[in-house]
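Counting starts at 1 for both ligands and their atoms, in listed order. Treat the numbers as computed from the prediction; the structure is a model and nothing was measured.
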Amino acid sequence: MFSKILIANRGEIACRIIQTAHRMGIRCVAVYSEADANARHVAMADEAFHIGPAPSSESYLRADKIIEIAKKSGAQAIHPGYGFLSENTGFAEACEANDLVFIGPPSSAIAAMGSKSAAKAIMEKAGVPLVPGYHGDDQSPDTLRKEAEKCGFPLLLKAVAGGGGKGMRVVERMEDFDDALAAAKRESKNAFGNPDMLIERYLTQPRHVEIQVFCDQDGHGVYLAERDCSVQRRHQKVLEEAPAPGLSEETRKAMGEAAVKAAQAINYVGAGTVEFLYDVDGSFFFMEMNTRLQVEHPVTEMVTGQDLVEWQLKVAWGEPLPLEQSQVKTRGHALEARIYAEDPDQDFLPATGNLRYLSTPDESAHVRVDTGVTEGDDISIHYDPMIAKLIVWDETRDQAINRMVQALEHYRIAGVKTNIRFLHALADAQPFREAELTTGFIEDHRDLLFPASKLDTHKALVLAAGFVLEQRKSREVVSTDPWSPFGRQNSWRMNSEYAQPLQLQVGEDIHDLKVLERDDRYQVYVGDSVYNLTARLDDDYLQAVINGHRISVHGNLHNDQLVLFYEGDTFNCTVYKESYGFEEMAGEGSLAAPMNGAIVAVQAKVGDRVTAGQSLVIMEAMKMEHAIKAPADGVVTEIFFAEGDQVSEGAELIAIEVDEEEAS
Ligand code: MV4
């Protein structure tokens with residue numbers, strides 16, 4: 001076996017490969033860009049080399065540098081992972097030319113799948129089912145029109161050079177064909193530099209079912225069951241599973257055998273995936289072949305009990321396939337959810353930021369987390385926004401879904417927007433439970449996938465207050481002065497009616513709460529309601545009872561940003577330490593104390609000119625400072641208290657003569 005390999009990738013897949021390689025006693029060389037100096041894959045590797053600035057084109061796509069580092073470090077092989085250089089024929093060839101094993105198929109096999117029409121021609125010859133249509137070289141409008149007639153409507157125009165859903169156009173009627181063809185050719189010429197089209201019958205309700213295949217260097221091939229990846233958004237997979245629900249044993253076998261034939265037709269070696277469109281009537285048609293290890297390979301690993309990276313390494317070393325077809329067994333059901341840094345509420349706009357709080361579900365035989373990040377890492381604009389893959393397994397699909405829902409509730413991230421809540425709604429949606437899997441699933445069920453918040457606003461605000469106050473308490477240094485009004489043992493404070501104001505902003509809305517603390521209980525005033533609250537905080541876990549309703553949440557308070565996590569949902573708010581907004585409570589030109597407390601600083605004198613927003617008096621209550629600010633420009637006419645004075649709520653503190661509005 002290899003003793004040292006280089007991993008030409010980053011993130012979760014680099015970590016995933018290193019994990020298996022280490023188990024097999026293989027040393028790993030990582031490469032990293034400027035942005036990844038402290039990345040998990042670098043920390044996991046035995047050694048790592050810096051290859052350039054953050055942009056992929058200057059780092060992870062630099063085939064020349066990577067090969068040079070592989071040679072310099074004594075690596076015998078390069079694992080390309082997925083993406084980046086994994087399906088680059090030039091890179092595969094360059095590895096060979098430099099006596100490095102490319103852990104993947106021969107470059108000829110990658111090239112054979114590069115053109116859709118050439119791929120279809122190969123598959124047709126190999127007896128792999130194709131969607132009826134036309135994939136010939138004759139691209140004259142007359143020929144294409146005749147082929148369209150033959151194919152029937154609706155039909156799909158696909159760019160020969162396209163892929164991943166790019167360059168496709170549905171045509172409903174012959175009357176529309178000429179215009180659609182001209183437009184599709186123009187688009188494809190611009191996008192891919194090749195205007196050639198193929199024509200296919202358009203399947204309106206297809207599923208995406210793909211077969212995992214493996215071939216060794218002696219030409220033996222096996223299939224390792226299938227994956228259903230129908231739940232996609234704009235050709236981005238969201239949830240994948242194995243096996244495909246509802247597939248008959250006959251279809252599974254026929255599809256598997258077709259996939260192995262497809263791989264053998266191009267002299268494939270290593271891990272590959274043959275994608276099929278699976279129609280409602282049980283028929284299936286070749287779509288494309290991916291000549292790499294795929295993102296969603298873990299669901300196959302979970303149901304087959306095999307380690308596909310181990311298979312890749314063995315095959316690349318020249319060993320035969322670890323199992324024969326008859327030995328490949330599947331058990332139970334696996335699901336994978338892709339956790340992305342993105343904002344579902346803003347049309348899934350990729351999100352960036354710092355993973356300031358990251359808590360993952362416990363891993364077990366049922367739950368697996370494949371990730372390349374740790375708490376404190378940045379999600380940058382430079383790479384794919386995938387944070388992790390959450391993979392679950394159980395005996396039945398329904399139980400696996402339950403595991404997924406649970407695991408998503410234990411995946412907590414603050415600092416970066418994620419699709420966790422969306423995934424939770426998706427996995428828990430009844431049509432998903434019923435395996436209503438079509439490529440239109442997300443579009444068709446939007447109403448279920450953006451659910452209303454699980455916590456009503458008042459409860460959330462009360463929990464937020466509990467979290468903020470309990471955390472402050474836990475961090476408060478207990479006063480050593482027995483007479484301090486803030487000493488924990490001091491009954492004066494306990495029995496006082498300090499109404500502590502707390503201002504919480506949720507979206508655009510500002511909520512002014514008041515919290516009274518008495519004997520380890522709180523009374524929280526929100527709007528016209530008052531809630532009894534008891535709360536206990538252990539690290540990030542808050543156990544609260546609100547008016548007799550026991551609720552537990554996890555939370556993270558960082559500077560003034562509070563995030564609460566509850567049943568897969570998050571509640572975000574900004575906590576204001578200063579009492580903005582209390583100006584409104586004061587009368588015209590005067591400022592009143594918003595609560596009982598002490599004056600800790602007076603920052604103006606009689607006769608001073610002050611400007612709106614300027615801080616005039618600082619009050620303190622329960623270790624919280626509140627700035628009393630000038631409501632408008634003017635002149636201070638009177639100050640009623642001095643530093644150190646105790647004042648009651650509503651007492652007038654300072655009077656200001658407000659400037660006359662300038663006539664405009
Ligand atoms: C199709 C199709 C319906 N009929 N071909 C999209 C990606 C590309 N690889 C092939 N795709 C499709 N080809 C025929 N003849 C529907 C799709 C399709 C799709 C396929 C798999 C997963 C998601 C999809 C979403 C939209 C369209």
Side-chain angles (χ1 to χ4, degrees), residues 82 87 113-124 128-136 144 147-148 150-172 177 180-181 184 187-188 191-192 194 196-211 226-242 244-245 247 255 259 262 272-292 294-296 299 336 338 348 426 432 435-446 449:
Y82 54 71
E87 291 175 284
M113 292 296 117
S115 146
K116 276 187 178 307
S117 53
K120 283 186 85 167
I122 295 168
M123 294 309 153
E124 186 171 43
V128 179
L130 300 181
V131 187
Y134 176 75
H135 53 267
L144 293 178
E147 291 293 340
K150 244 201 277 174
C151 172
F153 291 86
L155 61 75
L156 190 61
L157 287 168
K158 281 187 185 174
V160 162
K166 284 189 217 122
M168 304 200 309
R169 193 172 277 253
V170 179
V171 190
E172 301 283 351
F177 185 77
L181 178 66
E187 268 174 28
S188 298
F192 315 112
N194 177 351
D196 291 355
M197 286 291 138
L198 40 91
I199 297 172
E200 288 184 0
R201 200 179 79 212
Y202 180 60
L203 312 179
T204 53
Q205 298 264 295
R207 279 164 61 179
H208 174 131
V209 179
E210 59 184 33
I211 301 279
E226 77 284 358
R227 298 182 284 258
D228 192 312
C229 311
S230 300
V231 183
Q232 308 199 350
R233 222 198 104 261
R234 301 213 188 125
H235 306 291
Q236 277 270 15
K237 291 168 186 163
V238 175
L239 265 179
E240 304 102 339
E241 56 184 295
L247 211 70
M255 215 187 254
T273 297
V274 184
E275 298 183 346
F276 293 97
L277 288 169
Y278 175 71
D279 210 355
V280 278
D281 63 2
S283 55
F284 61 87
F285 310 99
F286 172 82
M287 192 162 37
E288 47 194 74
M289 179 165 185
N290 298 314
T291 55
R292 60 171 187 274
Q294 286 192 258
V295 177
E296 60 271 26
V299 292
E336 174 181 280
R338 298 191 189 186
F348 298 90
L426 183 55
F432 182 73
E436 188 197 286
L437 302 174
T438 63
T439 54
F441 187 92
I442 291 173
E443 277 308 309
D444 296 346
H445 297 294
R446 289 191 73 84
L449 305 182

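For Thr439, every heavy-atom contact with ligand 1 shorter than 4.0 Å involves the side chain, none the backbone.
Taking every non-hydrogen atom of Glu288 and a distance limit under 4.0 Å, the qualifying atoms of ligand 1 come out as 9 (N). Every atom of ligand 1 with a heavy atom of His208 under 4.0 Å away is listed here by number and element: 21 (C), 22 (C). Contact atoms of ligand 1 toward Lys158: 1 (C), 5 (N), 10 (C), 13 (N) (distance under 4.0 Å to a heavy atom of the residue). Contact atoms of ligand 1 toward Tyr202: 3 (C), 4 (N) (distance under 4.0 Å to a heavy atom of the residue). Taking every non-hydrogen atom of Gln232 and a distance limit under 4.0 Å, the qualifying atoms of ligand 1 come out as 22 (C), 23 (C). For ligand 1, the atoms closer than 4.0 angstrom to any heavy atom of Glu200 are 5 (N), 14 (C), 15 (N). In summary, the atoms of ligand 1 found under 4.0 Å from a heavy atom of Val131, numbered by their order in the structure, are 15 (N). Every atom of ligand 1 with a heavy atom of Arg201 under 4.0 Å away is listed here by number and element: 4 (N), 14 (C), 15 (N).
With Ser230 contributing its side chain and His208 its backbone, the two residues share a donor-acceptor pair below 3.5 Å. Listed for the Glu200 side chain is no donor-acceptor partner under 3.5 Å among the backbone atoms of Leu156.
For the atom pair NZ (Lys120) and NE2 (His135), the distance works out to 6.5 Å, reported to the nearest 0.5 Å.
No option in Glu226, Arg227, Glu210, Arg292 other than Arg227 meets the side chain to side chain donor-acceptor pair (under 3.5 Å) test with Thr273.
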